[in-house]
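Read through the structure below, which is laid out as structure tokens, and then see the notes.
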Amino acid sequence: MSHVRPLIAGNWKMNGLSADVDSIADLAARFEERVPATRVAICPPATLLMEMSRRLAGRGVEFGAQDCRMESAGAFTGDLSPEMLADAGAHLVILGHSERRAYHRETDADVAAKVGGALRAGLEPIVCVGEDESQRDAGRAVEVVTSQVRGSLPSALGGKPFCVAYEPVWAIGSGRTPTVDQISEVHRAIRRELLELFGESGRQPPILYGGSVKPQNAGEVFSAAEVGGALVGGASLLARDFGAIIEAF
Ligand code: 13P
């Protein structure tokens, strides 16, 4: 198990309007005391980052972005740089989410380049990996995930704060979750890969699990080997459910 604090992060994806900032204010009030032991983060759409981070400054909840470009500025219409996201109040940035890999054709090399940009801006990357259903059915889950880890994590990450999130594509938004043994197998393989890539400092990064985490299954998910937190999609949109998941860790 990692020696650093576990992280429970909510990925709001393309959900949330300014009216929803209130629900996070309620959540923060509930978890102010718990936060020293467990890190709690919300990754809202970029449009809400500044308002959320200003309203909740000093309340223990951290904020993250869901993607960034690798460059710091330039002629990239519609994109956001890591520096802009840090300026808007982000501490973290999710990179290589399977939805970015699928809908924006991001490769491991793209993700590694974005990680470099995030580090330059002082953002902590949460790098996502995970097999799809056909890869799992073919018995290739560990092979696919370790290859993504190797390709998406540049050596510049050594000794820096970062997280890996294991998110099996078939478990995202589907209500299906892997068994405890399946999560343990992949998380152990990711830890082995981190030790190989970064030496002893590879013991530090929390390895989060993501994919249909709900209050009802969070305890079981968290009992798997090498699980250092969760990346929560749908259930993070309801402060009550997200709160129950934080409490289950
Ligand atoms: P769900 O929790 O909605 O399955 O989403 C998981 C996810 O993709 C988090 O990044």
Side-chain angles (χ1 to χ4, degrees), residues 6-16 20 23-24 27 38-46 48-49 61-68 85 90-104 106 111 114-115 118 123-133 135-136 141 144-145 148-149 152 162-180 182-183 186-187 190 205-222 224 227-249:
L7 171 67
I8 312 288
N11 174 9
W12 279 20
K13 308 191 180 187
M14 199 175 73
N15 297 288
D20 299 306
S23 72
I24 295 310
L27 184 78
T38 304
R39 295 171 71 194
V40 175
I42 301 286
C43 303
L48 295 184
L49 261 177
V61 179
E62 297 176 56
F63 297 96
Q66 300 174 11
D67 176 49
C68 67
L85 297 166
H91 296 123
L92 297 145
V93 60
I94 299 170
L95 293 173
H97 191 281
S98 61
E99 288 148 18
R100 302 284 319 172
R101 292 178 186 262
Y103 304 138
H104 298 266
E106 288 186 10
V111 177
K114 289 178 178 211
V115 168
L123 295 177
E124 177 177 341
I126 302 173
V127 180
C128 302
V129 294
E131 82 286 358
D132 66 23
E133 187 153 32
Q135 292 164 330
R136 169 143 304 264
V144 167
V145 166
Q148 287 176 333
V149 167
S152 307
F162 73 96
C163 306
V164 175
Y166 169 52
E167 300 205 306
V169 178
W170 52 274
I172 294 176
S174 66
R176 297 161 60 202
T177 46
T179 64
V180 171
Q182 286 172 327
I183 297 174
V186 177
H187 277 234
I190 293 172
I207 305 172
L208 317 182
Y209 170 79
S212 295
V213 177
K214 309 279 178 228
Q216 301 85 316
N217 61 19
E220 207 178 336
V221 165
F222 294 149
V227 171
L231 187 55
V232 184
S236 72
L237 296 170
L238 296 169
R240 201 189 44 196
D241 283 3
F242 192 51
I245 291 168
I246 296 165
E247 266 169 0
F249 196 87

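Counting starts at 1 for both ligands and their atoms, in listed order.
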**Message:** Checking the side chain of Glu220 only, and the main-chain atoms of Asn217 only, is there a donor and an acceptor separated by less than 3.5 Å?
**Reply:** no
**Message:** Out of all atoms in ligand 1, which are within 4.0 Å of some heavy atom of Gly234? Include the element for each.
**Reply:** 1 (P), 2 (O), 3 (O)
**Asked** So, the side chain of Gln148 versus the backbone of Gly130: is there a donor-acceptor pair under 3.5 Å, distance only?
**Response** yes
**Message:** Does Glu99 form a side-chain contact (heavy atoms from CB on, under 4.5 Å) with Met14? I'd like the steps, not just the answer.
**Reply:** CA-CA 11 Å; Glu99 288 148 18; Met14 199 175 73; over 6 Å; no
**Message:** For the 3.5 Å polar cut-off, considering only N or O atoms, please tell me whether Ser174 and ligand 1 meet it.
**Reply:** no
**Complete:** Scanning both residues in full, the closest heavy-atom pair of Gly16 with Pro45 reads O-CG, 4.0 Å
**Prompt:** Just by modelled atom types, is the Ser236 backbone N or O under 3.5 Å from a matching donor or acceptor in the Trp12 side chain?
**Reply:** yes
**Message:** I'd like the name of whichever of Lys214, Gln66, Arg176, Glu167 reaches closest to atom 10 (O) of ligand 1 through any heavy atom.
**Reply:** Glu167
**Message:** Looking at every non-hydrogen atom in both residues, tell me the closest pair between Ile126 and Leu231 and how far apart they are.
**Reply:** CG2-CD2, 4.4 Å
**Request:** For ligand 1, note which part of Ile172 has a heavy atom under 4.0 Å away: side chain, backbone, both or neither.
**Result:** both
**Prompt:** Should Gly211 be listed as contacting ligand 1, given a heavy-atom distance under 4.0 Å as the test?
**Reply:** yes
**Message:** List ligand 1 atoms under 4.0 Å from Asn11, heavy atoms only on the residue side.
**Reply:** 9 (C), 10 (O)
**Request:** Considering the heavy atoms of Lys13, write down every atom of ligand 1 situated less than 4.0 Å from one of them.
**Result:** 5 (O), 6 (C), 7 (C), 8 (O)
**Prompt:** Considering only protein heavy atoms, which is closest to atom 2 (O) of ligand 1, and at what distance to one decimal place?
**Reply:** Gly233 N, 2.9 Å
**Asked** Hey, does Cys163 have a side-chain heavy atom less than 4.5 Å from the side chain of Pro206?
**Response** yes
**Item:** Under 3.5 Å side-chain donor-acceptor pair for Glu167 and His97
**Value:** yes
**Message:** So is Ala235 touching ligand 1 or not, going by heavy atoms under 4.0 Å?
**Reply:** no
**Prompt:** Is there a nitrogen or oxygen of Gly173 sitting under 3.5 Å from a nitrogen or oxygen of ligand 1?
**Reply:** yes
**Message:** I'd like to check which ligand 1 atoms, numbered from 1 as shown, lie under 4.0 Å from a non-hydrogen atom of Leu231.
**Reply:** 9 (C), 10 (O)
